[in-house]
Amino acid sequence: MTKPADAAKPEETPPPAADAESQSAAAGGGFSNIVQRWRREGVVKRGCLAFRAFGLLFSLLAFIIMATNQHGDGREFDKYEEYRYVLAIAILSALYTGFQTGRQIHEIRTNKEIISRQNASIFDFVGDQIVAYLLLSAASAAVPLTNSMRRGSDNIFTDSSASAISMEFFAFFSLGLSALISGYKLSNQTYI
């Protein structure tokens with residue numbers, strides 16, 4: 001004689017429906033969740049600030065290297081449209097990241113917002129995206145010219161150009177990561 005499979009199993013009762021109050025009490029209280037969220041927001045703010053600070057550093061380096069890339073004998077950056085573009089975007093990026101870094105440092109120190117949180121999230125995300133893509137565009141435009149010049153002769157002019165271009169790529173990566181964080185902040189924003 002075999003027993004039916006249903007008879008061998010004890011009846012399972014579904015878990016009781018829980019409401020928000022019993023869940024927070026069972027999870028350890030709402031206060032610890034709020035503290036964890038504040039810590040997470042602090043890490044996100046500091047991470048975004050760090051990436052923007054690196055973006056500022058790399059943009060300033062690209063600007064300085066390209067602006068001083070004048071070695072006479074036709075080896076001057078301003079004779080080439082691509083290098084002028086690299087310089088212009090490095091200046092724009094340095095101004096943007098400088099403003100954003102200063103704004104974030106001010107907000108962290110004083111705990112006061114210069115721009116409302118909702119507008120700042122949108123401005124951060126859109127600004128980071130635009131400047132990051134401009135950096136990538138400028139660096140990509142100058143790479144073919146530098147490579148073709150290096151085939152003819154490898155000298156300090158082409159080395160300086162290559163280093164300024166690489167600084168713009170590093171600035172792009174920094175602002176690209178900052179844009180990811182800005183997108184995360186924008187998507188997790190409450191509109192209440």
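Val143 places none of its side-chain heavy atoms less than 4.5 Å from the side chain of Thr146. Considering only heavy atoms from C-beta on, Ser121 stays 4.5 Å or farther from Ser182 through its side chain. Counting only heavy atoms from C-beta outward, the side chains of Leu175 and Phe51 never approach each other to under 4.5 Å. Looking only at side-chain heavy atoms (C-beta outward), Asn69 and Ser161 come within less than 4.5 Å of each other.
Pairing each heavy atom of Ile115 with each of Ala120, the nearest pair is CG2-N, 3.7 Å. Nearest heavy-atom pair, Phe172 versus Ala132, reported as atom, atom and distance to 0.1 Å: CD1-O, 3.0 Å. Annotation for Ile181 and Gly47: closest pair CD1-C, 4.0 Å, computed over non-hydrogen atoms. The two residues Pro144 and Ala141 have their closest heavy-atom pair at CD-O, 3.6 Å.
Taking CZ of Phe125 as the start and OG of Ser178 as the end, the distance is 10.5 Å to the nearest 0.5 Å. Here the OG-CD distance, from Ser160 to Gln70, works out to 11.0 Å after rounding to the nearest 0.5 Å. Atoms OG and CD1, from Ser137 and Ile130 in turn, are 13.0 Å apart once rounded to the nearest 0.5 Å. With rounding to the nearest 0.5 angstrom, the SG atom of Cys48 is 10.0 Å from the CG atom of Leu177. Rounding to the nearest 0.5 Å gives a distance of 4.5 Å between CG of Leu134 and CD1 of Ile89.
Judged as a salt bridge (charged side-chain N to carboxylate O under 4.0 Å, His left out), and not counting sequence neighbours, Glu82 has no contacts. Here Asn119 pairs with Ser116 under the side-chain hydrogen bond (donor to acceptor under 3.5 Å, both in side chains) rule; sequence neighbours left out. In this structure Asp124 satisfies the salt bridge (charged side-chain N to carboxylate O under 4.0 Å, His left out) test together with Arg52, Arg103, Lys185, sequence neighbours excluded. Evaluation of the side-chain contact (heavy atoms from CB on, under 4.5 Å) rule for Thr68 yields no partner, not counting sequence neighbours. For Ser148, the side-chain hydrogen bond (donor to acceptor under 3.5 Å, both in side chains) test picks out no residue, with sequence neighbours left out. Every residue two or more places apart in sequence or in another chain was checked for a salt bridge (charged side-chain N to carboxylate O under 4.0 Å, His left out) with Glu81, and none qualifies. Not counting sequence neighbours, Arg84 has no partner by the salt bridge (charged side-chain N to carboxylate O under 4.0 Å, His left out) test. Legend: residues meeting side-chain hydrogen bond (donor to acceptor under 3.5 Å, both in side chains) with Asn147, ordered by chain and number and at least two apart, are absent.
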Stepwise, does the side chain to side chain contact (heavy atoms under 4.5 Å, CB included) test hold for Asn155 with Thr158?
CA-CA 6 Å; Asn155 53 36; Thr158 57; 3.5 Å; yes
Contacts table for residues 56-67: side-chain donor-acceptor under 3.5 angstrom, sequence neighbours left out:
unit_1, atom_1, unit_2, atom_2, d
Ser59, OG, Gly55, O, 2.8
Ser59, OG, Ser93, OG, 2.5

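Hydrophobic cluster membership of Leu49, counting Ile, Leu, Val, Met, Phe, Trp and Tyr whose side-chain heavy atoms lie under 4.5 Å apart directly or via other members: Ile105, Ile108.
Pairs of residues two or more places apart, or lying in two chains, that qualify as ring-ring contact (aromatic ring centres under 6.0 Å, His included) and include a residue from residues 81-123 are Tyr80-Tyr83, Tyr83-Phe157. The list of salt bridge (charged side-chain N to carboxylate O under 4.0 Å, His left out) pairs with a residue in residues 161-176, not counting sequence neighbours, is empty.
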